[in-house]
There are 2 protein chains.
Amino acid sequence: MTRRPTPPLIDISACCPRGLESPLDHEAAQQLASVLKAVADPARLQLLGLIRAAGEACTCDLTGPVGLSQPTVSHHLKVLTAAGLVHREQRGQWAWFRADEERLRDLGHVFR
Amino acid sequence: MTRRPTPPLIDISACCPRGLESPLDHEAAQQLASVLKAVADPARLQLLGLIRAAGEACTCDLTGPVGLSQPTVSHHLKVLTAAGLVHREQRGQWAWFRADEERLRDLGHVFR
DNA sequence: ACGGTGTATTGACTGCTGTCAATATACCGC
DNA sequence: GCGGTATATTGACAGCAGTCAATACACCGT
């Protein structure tokens, strides 16, 4: 496989420094929307809540509470990770996730 | 047409009082996601920015900046209104919109 | 009443998204 | 190495969401 050009992680406070207080250009809106889309899903909100409440959580502890199949949960965690909202750490055969508090704060700040 | 049972407007601080700090049950996650979905679109983010920056705005002033057809803009404004993020007021033949600041604040507070 | 203008609705189409079963991959203990 | 366990990927499918052209509706001035 050819190397992907590195996932361009969006910097919220750079792309939308004044949040929704002033108009966004096309690109800024698209970037901000891409992060919001990651969060605008019931399963992913539940996952974020579970991860945050626990400090960190392993996939095996997340599949049960959300009531979805393992591949689906894996998919949602990938989306959250790609958006930079959670970070993944491999420990042996387990994948551990923790929330990026700063990024969540930045996201909340957009609506200020 | 039979009367619709009134759109059930979701109360964010009631449904998710602790935001993402603690796990959300299925219903709360679904409700919160429905509001976030309204905001997770580039065109609607631009519209929110324009409306907020202007204080209030009429549809005719919004179609140009976002670069979409009039029916599409009308559709997006309807979605924002249904989510309670903006309020619509008819003035003669013009439709004026203003943002619901409290609701935006509540939404931002979820990520605190 | 009528023509014009601003907005909403309808219908149709396309692309994306969430989901799962099946399969593959990675890691561990023995 | 081997079987078992945890996670990721693939493939397929249904449903939804964004878009526009065409049309309908509402309001206004004349």
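Keep in mind it's a predicted model, so treat the numbers as computed, not measured. Chain A is the first sequence line, chain B the second, and so forth, proteins listed ahead of strands; every chain is numbered from 1. Side-chain atoms are counted along with the backbone in the values below, which use heavy atoms only and exclude waters and symmetry mates.
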* Does anything in residues 69-112 of chain A pair up under disulfide bond (SG atoms under 2.5 Å apart), and if so which pairs, sequence neighbours excluded? -> none
* Non-neighbouring partners of B:Gln93 that pass side chain to side chain donor-acceptor pair (under 3.5 Å), sequence neighbours left out -> none
* To do: For A:Ser13, check side chain to side chain contact (heavy atoms under 4.5 Å, CB included) against everything at least two apart and list the hits.
  => A:Asp11, A:Asp106
* Pairing residues for A:Ser69 by the side chain to side chain contact (heavy atoms under 4.5 Å, CB included) criterion, not counting sequence neighbours -> A:Pro71, A:Thr72
* Asked: What pairs with B:Pro23 under side chain to side chain contact (heavy atoms under 4.5 Å, CB included), at least two apart in sequence or on another chain?
  -> A:Leu50, A:Ala53
When the side chains of residues 40-48 of chain B are checked against the rest of the protein, which donor-acceptor pairs come out under 3.5 Å, sequence neighbours left out?
unit_1  : atom_1 : unit_2  : atom_2 : d
B:Asp41 : OD1    : B:Ala43 : N      : 2.9
B:Asp41 : OD1    : B:Arg44 : N      : 3.2
B:Arg44 : NE     : B:Ala38 : O      : 2.6
B:Arg44 : NH1    : B:His76 : ND1    : 3.0
B:Arg44 : NH2    : B:Lys37 : O      : 3.2
B:Gln46 : NE2    : A:Leu24 : O      : 2.9

* Asked: Where along residues 51-64 of chain A does a heavy atom come under 4.0 Å from DNA chain C, residue by residue in number order?
  -> none
* **Separation of atom CD in B:Glu89 from atom P in D:dA26, rounded to whole Å** => 19 Å
* Structure fact -> Separation of D:dA26 atom P from B:Trp96 atom CH2, nearest Å, is 22 Å
* Rounded off to whole Å, could you give me the CG-to-P distance for the A:Leu45 and C:dT17 pair? => 16 Å
* Asked: Tell me the disulfide bond (SG atoms under 2.5 Å apart) pairs involving residues 30-112 of chain A, sequence neighbours left out?
  -> A:Cys58-A:Cys60
* **Atom pair distance, as rounded to whole Å: NZ in A:Lys78 and P in C:dT17** => 13 Å
* Could you tell me which residues satisfy side chain to side chain contact (heavy atoms under 4.5 Å, CB included) with A:Glu21, sequence neighbours excluded, listed by chain and number? => A:Arg18, A:Arg112, B:Arg52
* Structure fact -> 5' to 3', nucleotides 13-22 of chain D under a 4.0 Å protein heavy-atom cut-off (B base, S sugar-phosphate only, - none) gives -----SBBBB
* To do: Could you give me the CA-CA distance, side-chain angles and deciding distance for B:Trp94 and B:Thr59, then say whether side chain to side chain contact (heavy atoms under 4.5 Å, CB included) is met?
  => CA-CA 7 Å; B:Trp94 293 280; B:Thr59 308; over 6 Å; no
* Asked: Could you go step by step and tell me if A:Phe97 and A:Thr81 meet the side chain to side chain contact (heavy atoms under 4.5 Å, CB included) rule?
  -> CA-CA 9 Å; A:Phe97 295 87; A:Thr81 305; 3.8 Å; yes
* nucleotides 24-30 of chain C: protein proximity per nucleotide (B base, S sugar-phosphate only, - neither; heavy atom, under 4.0 Å) -> ---BS--
* In whole Å, what is the span from the CG atom of B:Leu47 to the C1' atom of C:dT7? -> 14 Å
* For B:Asp100, enumerate each residue passing the side chain to side chain donor-acceptor pair (under 3.5 Å) test, keeping only those at least two apart in sequence or located in another chain. => B:His87
